*Asks:* 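Please read through the structure below; I'll follow up with questions.
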Amino acid sequence: MHRLKRLAVIGALAAALLPATSAEAAVTPVQANGQLKVCGIRLCNAQGKQIQLRGMSSHGIQWYPQCLNTASLDALANDWQADVLRISMYIQEDGYETNPRLFTDRVHNLIEQATARGMYAIIDWHMLDPGDPMYNLSRAKTFFSEIAQRHNGKNNLLYEIANEPSGVSWSTIKSYAEQLIPVIRQRDPETPILVGTRAWSSLGVSDGATETEVINNPVNASNIMYTFHFYAASHGTSYLNALSRAADRIPVFVTEFGTQTYTGDGSNNFTRSQQYLDLMAQKKISWVNWNYSDDMRSGAVFTQGTCPNGPFAGTSRLKPAGVWIRDRIRTPDDF
Ligand code: IDC
């Protein structure tokens, strides 16, 4: 079940004691890196080394749980060699609010699935409409209290507390974060927390603002990062430049992006997507692609009808965006 990703020789002692062929060990991302921590403006592993995580987001788990089964998650860990699975739990649109017990249990289960495969997991509070995070604040306190209580012994989680705020100011988002984070920290002092930004997590750019509103007025908490989302066929130079500037000043995690338009559909712009990926590699910005499902849209990596039976490994059931992103996730890690 372990991934085949290879890690370079760890030390001369190991090399001396082991036969030459065993000098490289197959390790999972979590075995290699352990508990993550925000270090200055970057994400660091347990050894204090700056690292970049790369992986996939689920589609909404109210709609596509059939794409998250033993075989598909094995493929994500072993064939795709993903470092991280984002568990996308919508709050509205037939999501969490309709049955908190069912969806919380579904998230618990997916956390265990990711953990068993040595992947990191982002617990995505996928608020989207309404865009005011305060609308769901008491629900978020209930949900994250239970998640943090149950999983605080794990070293492979990140909590994303607001997918995409919209129609609200940065100060509202900051206030939401400052009310929710202490509730989580009481139960789980170590897990990094990812905070959404203004205008669909564009650091304000989609509203004509810039990243300076966050830089000048950061959330009053430690071990946090700010999220940035982009869709390469819709979001060009102004987005790319904002990401580049922001990453030199504050910790940024790209928890969602697509190679197509912001609808998650339409044609792919792989040229511009590669520009983003080059920038993110250079600045060690972690990223997660939308999405690991067989939805009809071009940004869902599998062709319709792939779930639940697959096959999930290889490229036979992948759309163009899937082939492209699988290649880039498989590129060896530098950790
Ligand atoms: C889209 C889904 C689509 C769903 C829609 C509304 O692909 O099936 O009907 O949401 O729920 C986002 C959001 C993400 C969107 C995605 C593509 O975080 O939920 O998924 N997107 O539109 N932000 C920008 C794009």
Side-chain angles (χ1 to χ4, degrees), residues 1-7 22 24-34 36 45 51-89 103 105-124 126 147 150-151 153-158 160 255-256 286-295 299-333 335:
M1 164 114 27
H2 289 313
R3 299 170 357 139
L4 297 174
K5 193 173 281 188
R6 288 171 177 273
L7 185 75
S22 306
E24 292 183 320
V27 297
T28 68
V30 177
Q31 283 171 342
N33 294 295
L36 305 176
N45 69 12
I51 60 159
Q52 181 201 36
L53 301 179
R54 289 169 293 157
M56 290 300 298
S57 178
S58 73
H59 202 307
I61 60 170
Q62 80 276 40
W63 292 318
Y64 290 93
Q66 67 276 17
C67 293
L68 302 168
N69 56 37
T70 300
S72 72
L73 293 172
D74 281 351
L76 186 62
N78 300 321
D79 178 57
W80 287 56
Q81 303 186 4
D83 304 318
V84 56
L85 167 70
R86 180 183 191 234
I87 301 165
S88 221
M89 186 190 71
F103 286 105
D105 285 343
R106 197 167 282 179
V107 171
H108 285 317
N109 177 260
L110 289 166
I111 289 173
E112 299 302 341
Q113 298 291 326
T115 304
R117 291 166 177 78
M119 288 190 285
Y120 289 92
I122 297 173
I123 320 309
D124 165 28
H126 204 83
I147 294 292
R150 172 90 65 102
H151 300 287
K154 291 191 171 64
N155 64 355
N156 64 321
L157 304 184
L158 301 111
E160 182 176 3
T255 51
E256 190 184 300
S286 296
W287 55 255
V288 173
N289 180 259
W290 181 263
N291 66 74
Y292 200 68
S293 84
D294 66 351
D295 170 11
V301 295
F302 295 109
T303 52
Q304 275 188 285
T306 301
C307 308
N309 295 322
F312 297 100
T315 55
S316 67
R317 301 301 302 254
L318 294 178
K319 296 189 190 119
V323 173
W324 192 88
I325 200 69
R326 173 177 171 274
D327 261 357
R328 273 126 190 109
I329 291 175
R330 281 162 61 92
T331 305
D333 290 316
F335 51 71

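A quick note: this is a predicted structure, and the numbers were derived from the prediction, not measured.
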*Asks:* Short question: side chain of Lys319, backbone of Ala300 - any donor-acceptor pair under 3.5 Å?
*Replies:*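 Present.
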*Asks:* Side chains of Trp287 and Val84: does their closest heavy-atom pair fall under 4.5 Å?
*Replies:* no
*Asks:* Could you pull out all residues at least two apart from Arg317 that satisfy salt bridge (Lys or Arg N to Asp or Glu O under 4.0 Å)?
*Replies:* none
*Asks:* With Asp124, which residues qualify under salt bridge (Lys or Arg N to Asp or Glu O under 4.0 Å), at least two apart?
*Replies:* Arg86
*Asks:* Is the side chain of Arg54 donor-acceptor paired with the backbone N or O of Asp83 at a distance under 3.5 Å, no angle test?
*Replies:*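 No; zero donor-acceptor contacts below 3.5 Å.
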*Asks:* What are the two closest non-hydrogen atoms of Met56 and Asn291, and how far apart are they?
*Replies:*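 For Met56 and Asn291, the tightest heavy-atom pair comes out as CE-C, 3.7 Å.
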*Asks:* In Å, rounded to the nearest 0.5 Å, how long is the span from CD1 of Ile123 to NE2 of His151?
*Replies:* 7.0 Å
*Asks:* Backbone N or O of Leu318 within a donor-acceptor pair of the Thr315 side chain at under 3.5 Å?
*Replies:*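 Answer holds: no.
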*Asks:* Does NZ or CZ of Arg326 lie under 6.0 Å from the centre of the six-membered ring of Trp324, at an angle within 45° of the ring axis?
*Replies:*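 Because its charged atom misses either the 6.0 Å distance or the 45° angle limit, Arg326 does not stack over Trp324.
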*Asks:* Should Glu256 and Ser57 be marked as a side chain to side chain donor-acceptor pair (under 3.5 Å) after you check the CA-CA gap, both sets of side-chain angles, and the distance that decides it?
*Replies:* CA-CA 7 Å; Glu256 190 184 300; Ser57 178; 5.5 Å; no
*Asks:* Would you check if there is a donor-acceptor pair between the side chains of Gln52 and Ser286 at a distance under 3.5 Å?
*Replies:*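 No, no side-chain donor-acceptor pair sits under 3.5 Å.
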*Asks:* If you apply the rule side chain to side chain donor-acceptor pair (under 3.5 Å), what do you find for Thr115 with Asn156, and how did you get there?
*Replies:* CA-CA 7 Å; Thr115 304; Asn156 64 321; 3.0 Å; yes
*Asks:* Begin with the C-alpha distance, continue with both residues' side-chain angles, and end with the deciding distance and a verdict on side chain to side chain contact (heavy atoms under 4.5 Å, CB included) for Leu85 and Ile122.
*Replies:* CA-CA 6 Å; Leu85 167 70; Ile122 297 173; over 6 Å; no
*Asks:* Measuring from atom CG of Leu76 to atom CD1 of Ile329, what distance do you get when rounded to the nearest 0.5 angstrom?
*Replies:* 7.0 Å
*Asks:* Which heavy atom of Leu53 sits nearest a heavy atom of Leu36, and at what distance?
*Replies:* CD1-CD1, 3.7 Å
*Asks:* I'd like to know if the side chain of Asn78 reaches the main chain of Asp74, judged simply by a donor and an acceptor atom lying under 3.5 Å from each other, with no hydrogens or angles considered.
*Replies:* yes
*Asks:* Output the distance between atom CD1 (Ile87) and atom NE2 (His108), rounded to the nearest 0.5 Å.
*Replies:*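 Output value for this atom pair is 11.0 Å.
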*Asks:* Do Ser293 and Trp63 have side-chain heavy atoms sitting under 4.5 Å apart?
*Replies:*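 The answer is no, as the side chains (C-beta and beyond) never meet within the 4.5 Å cut-off.
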*Asks:* Distance check, rounded to the nearest 0.5 Å: Gln66 atom CD versus Asp294 atom CG?
*Replies:* 6.5 Å
*Asks:* Under 3.5 Å, is there a donor-acceptor pair between the side chain of Asn109 and the main chain of Arg106?
*Replies:* no
*Asks:* Specify the closest pair of heavy atoms between Val288 and Thr255, including all atoms of both residues, with the distance to one decimal.
*Replies:*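 Closest pair (atom of Val288, atom of Thr255, distance): CB-O, 3.4 Å.
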*Asks:* Would you compute the distance between atom CG of Leu110 and atom OG of Ser88 and round it to the nearest 0.5 angstrom?
*Replies:*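 Atom-to-atom, Leu110:CG and Ser88:OG are 11.0 Å apart.
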*Asks:* Is the His59 ring parallel, tilted or perpendicular to the Trp290 ring (thresholds 30°, 60°)?
*Replies:* tilted
*Asks:* Between Glu112 and Lys154, does at least one N-O distance fall below 4.0 Å, as a salt bridge requires?
*Replies:*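 Judged by the 4.0 Å cut-off on N to carboxylate O distance, Glu112 and Lys154 do form a salt bridge.
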*Asks:* Using every non-hydrogen atom in the two residues, find where Ser316 and Pro311 come nearest and quote the distance to one decimal.
*Replies:*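 Looking at all heavy atoms of both residues, the shortest contact is OG-CG, 3.9 Å.
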*Asks:* Any idea which heavy atoms bring Leu68 and Ser58 closest together, and the distance?
*Replies:* CD1-CB, 3.9 Å
*Asks:* Could you state the interatomic distance from CG (Leu73) to CD (Gln113), rounded to the nearest 0.5 Å?
*Replies:* 6.0 Å
*Asks:* Got a sec, which residues hit salt bridge (Lys or Arg N to Asp or Glu O under 4.0 Å) with Asp295, two or more places apart in sequence or on another chain?
*Replies:*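 Salt bridge (Lys or Arg N to Asp or Glu O under 4.0 Å) check on Asp295 returns Arg297.
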*Asks:* Return yes if some donor-acceptor pair links the side-chain N/O of Asn33 with the main-chain N/O of Asn45 below 3.5 Å, else return no.
*Replies:* no
*Asks:* Counting the benzene-type ring for Trp, do Tyr64 and Tyr292 have ring centres under 6.0 Å apart?
*Replies:* no
*Asks:* Measure across Tyr120 and Asn155 and return the closest heavy-atom pair with its distance rounded to 0.1 Å.
*Replies:*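 The answer is CE2-O, 3.7 Å.
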*Asks:* Please evaluate residues Asp79 and Arg330 with respect to the criterion side chain to side chain contact (heavy atoms under 4.5 Å, CB included), reporting the C-alpha separation (whole Å), side-chain torsions for both, the decisive distance (0.1 Å), and the verdict.
*Replies:* CA-CA 8 Å; Asp79 178 57; Arg330 281 162 61 92; 3.3 Å; yes
